*Asks:* 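If you scroll down you'll find the structure; I have some questions about it.
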Protein chains: 2
Amino acid sequence: MNIGQASEASGVSAKMIRYYEEIGLIRPMGRTGNNYRVYGDEEVHVLRFIKRARNLGFSLEETETLLKLWQDKDRTSAAVKDVAQAHIGDLERRIAEMQGMVKTLKHLAHCCGGDHRPNCPILDDLAGEAPAVPVKTAPVKTGPVKTGTSA
Amino acid sequence: MNIGQASEASGVSAKMIRYYEEIGLIRPMGRTGNNYRVYGDEEVHVLRFIKRARNLGFSLEETETLLKLWQDKDRTSAAVKDVAQAHIGDLERRIAEMQGMVKTLKHLAHCCGGDHRPNCPILDDLAGEAPAVPVKTAPVKTGPVKTGTSA
DNA sequence: CTTGACCTTCCCATGATGGGAAGGTCCACA
DNA sequence: TGTGGACCTTCCCATCATGGGAAGGTCAAG
């Protein structure tokens with residue numbers, strides 16, 4: 001199986017497969033005489049694992065950890081659960097932060113006429129005048145999570 | 001006022017102030033004889049506007065739009081509201097996507113013993129076996145939003 | 001033998017931010 | 001007057017995960 005077929009079968013782009021190999025997330029594949037990478041079902045399975053982890057919002061680093069745990073027969077399910085729960089915490093923090101933004105924005109939008117006149121409470125708020133809702137969003141790192149359609 | 005003081009007064013790092021100037025978000029500042037940028041209250045006000053917009057999750061591009069509307073006396077509040085509502089939609093999509101992830105992850109974590117044994121439904125799910133919850137997250141772009149403490 | 005669909009590597013861009021080097025400037029204090 | 005430290009300047013690099021595209025090799029079918 002060439003990289004194109006592995007890509008097709010796993011849902012991971014050829015570009016990304018090469019990248020994952022480059023950063024050591026997956027082992028360098030064997031090559032045919034023409035220098036083409038060769039993949040088997042085993043490799044596709046790994047790629048799908050990665051794909052699924054990414055779809056659940058795990059970073060590549062977390063994904064690597066999970067991948068190692070998956071391949072480690074002496075793992076404890078507690079170790080896996082820890083990774084998952086840390087990630088859940090991450091997501092929940094980011095969700096809360098964004099919900100705070102939405103709340104403020106909805107309030108401002110509600111107060112805004114949305115008509116032909118220039119007067120606008122949204123801009124007033126941004127400009128620091130009329131601090132309608134002094135929202136207190138926590139200092140949270142709202143990072144990646146770029147997921148495409150999930151598997 | 002030097003860049004350090006403007007930074008202090010606006011909450012925008014000196015690094016970012018220079019960057020905003022470079023990308024044309026703010027006008028190039030005047031310089032003193034020693035080539036230092038000089039800032040006045042006007043500029044600090046603009047920087048705080050940007051800071052606040054960023055805290056509400058607007059991208060720099062959206063922030064630029066808002067900034068222009070703010071400075072345009074012929075704007076309509078409808079135009080501003082449109083930008084805000086598009087952003088609310090964005091945020092809500094991302095929130096929904098992340099909530100889907102959390103839901104799946106919580107279910108998996110719940111099913112996971114979290115003990116010393118290797119058996120783990122989380123890994124089983126990632127590996128494609130036992131597709132416990134075939135979550136259907138929509139293909140949403142869950143991008144930036146990196147906000148620090150809000151103003 | 002040509003055409004087109006693959007594959008390869010290499011470099012660049014994204015978005016917003018920080019880190020840090022190398023060098024100039026300014027002020028306060030001894 | 002000198003000097004140290006706190007500023008400022010520009011320039012380059014890193015992040016994170018991904019895509020775009022160029023330049024060139026390979027292969028299979030027509």
Side-chain angles (χ1 to χ4, degrees), chain A residues 1-26 28-39 47 50-65 87 90 94 97 139-149, chain B residues 1-26 28-39 47 50-65 87 90 94 97 139-149:
Chain A
M1 197 166 17
N2 283 340
I3 202 171
Q5 280 127 17
S7 168
E8 183 87 3
S10 65
V12 179
S13 74
K15 210 89 181 178
M16 279 304 101
I17 295 177
R18 293 194 197 98
Y19 176 64
Y20 292 162
E21 180 184 318
E22 187 192 328
I23 64 170
L25 183 59
I26 58 180
M29 297 314 304
R31 305 288 184 113
T32 57
N34 51 30
N35 201 31
Y36 288 10
R37 289 170 180 83
V38 197
Y39 299 85
L47 288 171
I50 293 171
K51 176 78 177 170
R52 175 88 177 120
R54 296 286 303 126
N55 279 349
L56 286 176
F58 288 103
S59 69
L60 285 186
E61 200 177 351
E62 289 163 332
T63 300
E64 187 174 17
T65 302
H87 182 46
D90 253 33
R94 297 192 291 183
E97 185 184 8
V140 175
K141 172 129 185 152
T142 305
V145 182
K146 212 230 89 201
T147 321
T149 28
Chain B
M1 197 164 20
N2 283 338
I3 202 169
Q5 278 128 16
S7 168
E8 183 87 3
S10 65
V12 179
S13 75
K15 210 89 182 181
M16 279 303 102
I17 296 176
R18 294 194 196 97
Y19 175 65
Y20 293 160
E21 180 184 318
E22 187 193 329
I23 63 171
L25 183 58
I26 58 179
M29 298 314 304
R31 306 287 184 113
T32 57
N34 51 30
N35 202 30
Y36 288 9
R37 289 170 180 83
V38 196
Y39 298 85
L47 288 170
I50 294 171
K51 176 77 178 171
R52 175 87 177 120
R54 296 286 304 124
N55 280 142
L56 286 176
F58 288 104
S59 69
L60 284 186
E61 200 177 352
E62 289 163 331
T63 301
E64 188 174 16
T65 302
H87 181 46
D90 252 34
R94 297 192 289 182
E97 185 184 7
V140 175
K141 173 130 183 149
T142 306
V145 182
K146 211 232 84 200
T147 321
T149 26

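Predicted, not measured: the structure shown is a model, and the values here were computed from it. Note on naming: letters A, B, ... go to the chains in the order of the sequence lines (proteins, then strands), and numbering restarts at 1 for each one.
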*Asks:* Give me the atom names and distance for the closest heavy-atom approach of A:Glu62 to A:Phe58.
*Replies:*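 Heavy atoms only, the tightest pair is OE1-CA, 3.3 Å.
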*Asks:* Below 4.0 angstrom from OP1 or OP2 of D:dT26, is there any side-chain N or O of A:Arg31?
*Replies:*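 Negative; the distance criterion is not met.
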*Asks:* Please report, rounded to the nearest Å, how far the P atom of D:dA14 is from the CD1 atom of A:Ile23.
*Replies:*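 A:Ile23 atom CD1 is separated from D:dA14 atom P by 16 Å.
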*Asks:* Starting from C1' on C:dA16, measure out to CD on B:Glu64 and report it in whole angstrom.
*Replies:*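 Distance, rounded to whole Å: 15 Å.
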*Asks:* Whether B:Tyr19 contacts C:dG15 is assessed here as follows: a side-chain N or O lying under 4.0 Å from the phosphate OP1 or OP2. Is that the case?
*Replies:*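 For C:dG15, neither OP1 nor OP2 has a side-chain N or O of B:Tyr19 closer than 4.0 Å.
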*Asks:* Which comes earlier along DNA chain D counting from the 5' end, the contact point of B:Tyr39 or that of A:Phe58, where each point is its nearest nucleotide?
*Replies:*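 Mapping each residue to its closest nucleotide by heavy atoms, the 5'-most match is B:Tyr39.
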*Asks:* Counting only heavy atoms not in A:Glu8 (residues, nucleotides, ligands), do more than 12 fall under 6.0 Å from its CD?
*Replies:*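 It does not: A:Glu8 CD has 12 such atoms or fewer within range.
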*Asks:* Out of C:dT25, C:dT8, C:dT17, which has the shortest distance to the side chain of B:Leu60?
*Replies:*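 It is C:dT17.
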*Asks:* Whole angstrom is fine here: how far is it from CG in A:Leu25 over to P in D:dC16?
*Replies:*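 Distance, rounded to whole Å: 14 Å.
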*Asks:* Atom CD of A:Glu97 and atom CG of B:Asn55: how far apart are they, to the nearest 0.5 Å?
*Replies:*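 Nearest 0.5 Å value for the CD-CG distance: 8.5 Å.
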*Asks:* In which stems does DNA chain C show up, taking only runs of three or more Watson-Crick or G-U wobble pairs whose two distances fall under 3.5 Å?
*Replies:*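 The stems are C:1-30 with D:1-30.
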*Asks:* Nearest whole angstrom, please: distance from the C1' of C:dA5 to the CD1 of A:Ile3.
*Replies:*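 In whole Å, C:dA5 C1' and A:Ile3 CD1 are 15 Å from each other.
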*Asks:* Just to confirm, is there a sub-4.0 Å distance from OP1 or OP2 of C:dC6 to any side-chain nitrogen or oxygen of A:Arg37?
*Replies:*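 Result: no.
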*Asks:* Counting only side-chain N and O atoms of A:Tyr20, is one of them less than 4.0 Å from OP1 or OP2 of D:dA17?
*Replies:*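 For D:dA17, OP1/OP2 do not have a side-chain N/O of A:Tyr20 under 4.0 Å.
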*Asks:* It should be established whether B:Asn35 places a side-chain nitrogen or oxygen under 4.0 Å from OP1 or OP2 of nucleotide D:dT9.
*Replies:*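 Result: no.
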*Asks:* Could you tell me whether a side-chain N or O of B:His87 sits under 3.5 Å from a main-chain N or O of B:Leu56, the two making a donor and an acceptor?
*Replies:*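 Pair found, side chain donor or acceptor close to backbone of B:Leu56.
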*Asks:* Measure the distance from CD on A:Glu22 to C1' on D:dT18 and round it to the nearest whole Å.
*Replies:*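 It works out to 13 Å between those atoms.
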*Asks:* Please report, rounded to the nearest Å, how far the C1' atom of D:dC16 is from the CZ atom of A:Arg94.
*Replies:*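 Taking CZ of A:Arg94 and C1' of D:dC16, I get 12 Å after rounding.
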*Asks:* Roughly how many Å is it from CE in A:Met29 to C1' in C:dC7, rounded to a whole number?
*Replies:*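 Interatomic distance, CE of A:Met29 to C1' of C:dC7: 15 Å.
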*Asks:* What are the residues of residues 8-18 of chain B, sorted by number, that bring a heavy atom to within less than 4.0 Å of DNA chain C?
*Replies:*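 B:Ser13, B:Lys15, B:Met16 - these, ordered by number, are the residues of the stretch whose heavy atoms sit under 4.0 Å from the strand.
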*Asks:* Measuring to OP1 and OP2 of D:dT18, would you say a side-chain N or O of A:Arg54 lies under 4.0 angstrom away?
*Replies:*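 So the side chain of A:Arg54 is within the cut-off, an N or O lying under 4.0 Å from OP1 or OP2 of D:dT18.
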*Asks:* Taking only the side-chain nitrogens and oxygens of A:Asn34, find out if one of them lies under 4.0 Å from OP1 or OP2 of D:dC27.
*Replies:*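 Checking A:Asn34 against D:dC27: at least one side-chain N or O falls below 4.0 Å of OP1 or OP2.
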*Asks:* Rounded to the nearest 0.5 Å, how far does OG of B:Ser13 lie from CZ of B:Arg18?
*Replies:*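 The OG atom of B:Ser13 is 8.5 Å from CZ of B:Arg18, to the nearest 0.5 Å.
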*Asks:* How many whole angstroms separate atom CG of A:Asn2 from atom C1' of C:dA5?
*Replies:*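 The answer, rounded to whole Å, is 11 Å.
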*Asks:* Say you draw a straight line from CG of B:Leu60 to CE of B:Met16; how long is it, rounded to the nearest 0.5 Å?
*Replies:*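 Output value for this atom pair is 8.5 Å.
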*Asks:* Say whether, by atom type as modelled, one donor and one acceptor occur between the side chain of A:Ser7 and the main chain of A:Val12 under 3.5 angstrom.
*Replies:*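 Present.
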*Asks:* Around atom CD of A:Gln5, are there more than 12 heavy atoms from other residues, nucleotides or ligands closer than 6.0 Å?
*Replies:*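 Yes, because the 6.0 Å sphere around CD of A:Gln5 holds more than 12 heavy atoms from other groups.
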*Asks:* Looking at the side chain of A:Ser59, which of D:dT9, D:dA17, C:dT8 is the nearest nucleotide?
*Replies:*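 For the A:Ser59 side chain, the nearest candidate turns out to be D:dA17.
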*Asks:* Give the C-alpha distance, both sets of side-chain angles, the deciding distance and a yes or no for side-chain contact (heavy atoms from CB on, under 4.5 Å) between A:Ile3 and A:Tyr36.
*Replies:* CA-CA 8 Å; A:Ile3 202 171; A:Tyr36 288 10; over 6 Å; no
*Asks:* Drop me the distance from A:Ile17's CD1 to A:Met29's CE, to the nearest 0.5 angstrom.
*Replies:*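 Spacing of CD1 (A:Ile17) from CE (A:Met29) equals 9.5 Å.
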